[in-house]
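The structure appears right after this line, and notes come after that.
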Amino acid sequence: MRIVVADDADRVAQEAAGIVERFVSASESPALGLATGGTMEGLFAELVRRHRRRGLSFGAVDAYLLDEYVGLDRCDPNAYRSVVHRLFACHVDLGIGSLHGLDAQAPDLGAECTRYERKVRAASIGLQILGIGSNGHIAFNEPGTPFDSVTRVVELSRQTRGDNARFFPADHSVPVRAMTQGIATILAASELLLMACGAGKASAVARAVEGPINDSVPASAVQLHSNVTLLLDPPAAQGLSASSPVGGNQILA
């Protein structure tokens, strides 16, 4: 695992965009896994900036979303497909039909999860971007999720719903269920990029990186992957001990 502590959240976004740019530019048909959440907003903004100012093209990219809320129409501004379209896809040259996600309005959600699992596996994700929840979840794989899990419908924990409430209007409750890629699905990607910013993520980051590999901290599964970059700002890194695997860290100016 390569752990990079950047100067601040803006630099985290820049470093992450550099990794995405190298991946997209080096692949003929790149399959890119996208996450959502507050940390991703800076990354999306930086990728859009590089597209507009430097000509970074996403024309050959197929992008795959990690998860989606159950019960939200795909056009709902809080649906993850809408979020990614608004913040990223509509500002770059991503091809029509090249943004793939779960259909939360499908009549048979189980069948839809099976369909998407097959689609993601067939795509062979080259770079999967990830965030981490304050309780250690990745995608919507809550604590207790087995590492062999695949795409499925899940119940969201109270903590996750509370953390995500800030993205919803005051009169709009966070859905109690979601559809998510499983941990085994995520680990099948060739490369993982895990991003975290803010002191609220420090404990989860430390447990994921330094703690035992077990399902009480789903993000600890990334320790099983052979090609992982962890990008942090200083507050998110403050829980790491001096003897952690950060020995090879790059501290960015």
Task: Student check: side-chain heavy atoms of R177 and L109 closer than 4.5 Å - done: yes
Task: Heavy-atom side-chain contact between H225 and N227 under 4.5 Å - done: yes
Open item on the list: Checking R74 against Q105 for the side chain to side chain contact (heavy atoms under 4.5 Å, CB included) test, could you report, in this order, the C-alpha distance in whole Å, the side-chain angles of both residues, the deciding distance, and whether it holds?
Closed with: CA-CA 8 Å; R74 64 188 300 160; Q105 296 291 305; 5.8 Å; no
Task: Test item: L187 and L192 side chains (from C-beta on) under 4.5 Å apart, heavy atoms - done: yes
- [ ] Could you verify whether a donor N or O on one side chain and an acceptor N or O on the other, from N135 and R207, lie under 3.5 Å apart?
- [x] no
- [ ] Hey, could you give me each pair passing salt bridge (Lys or Arg N to Asp or Glu O under 4.0 Å) that has a residue in residues 120-140? Not counting sequence neighbours.
- [x] E117-R121
- [ ] May I ask you to test the L240-L232 pair for a side-chain heavy-atom distance under 4.5 Å?
- [x] yes
Open item on the list: Going by salt bridge (Lys or Arg N to Asp or Glu O under 4.0 Å), name the pairs with one or both residues in residues 96-113, residues two or more places apart or in two chains.
Closed with: E112-R115
Task: Nearest atoms (heavy-atom pairs only) where P146 meets I183 - done: O-CD1, 4.0 Å
Open item on the list: For Y64 and Q128: C-alpha separation, side-chain torsions, deciding distance, then whether side chain to side chain contact (heavy atoms under 4.5 Å, CB included) applies.
Closed with: CA-CA 9 Å; Y64 296 83; Q128 176 63 62; 5.9 Å; no
TODO: State, yes or no, whether a side-chain contact exists between L34 and F88 at a heavy-atom distance under 4.5 Å.
DONE: yes
TODO: Evaluate the ring planes of Y69 and F168, with Trp represented by its six-membered ring, and classify them as parallel (under 30°), tilted (30 to 60°) or perpendicular (over 60°).
DONE: perpendicular
Open item on the list: Side chains of M179 and V70, heavy atoms from C-beta outward: is any pair under 4.5 Å?
Closed with: yes
- [ ] Mind listing the closest non-hydrogen atom pair of R161 and V174 along with its distance?
- [x] NH2-O, 2.6 Å
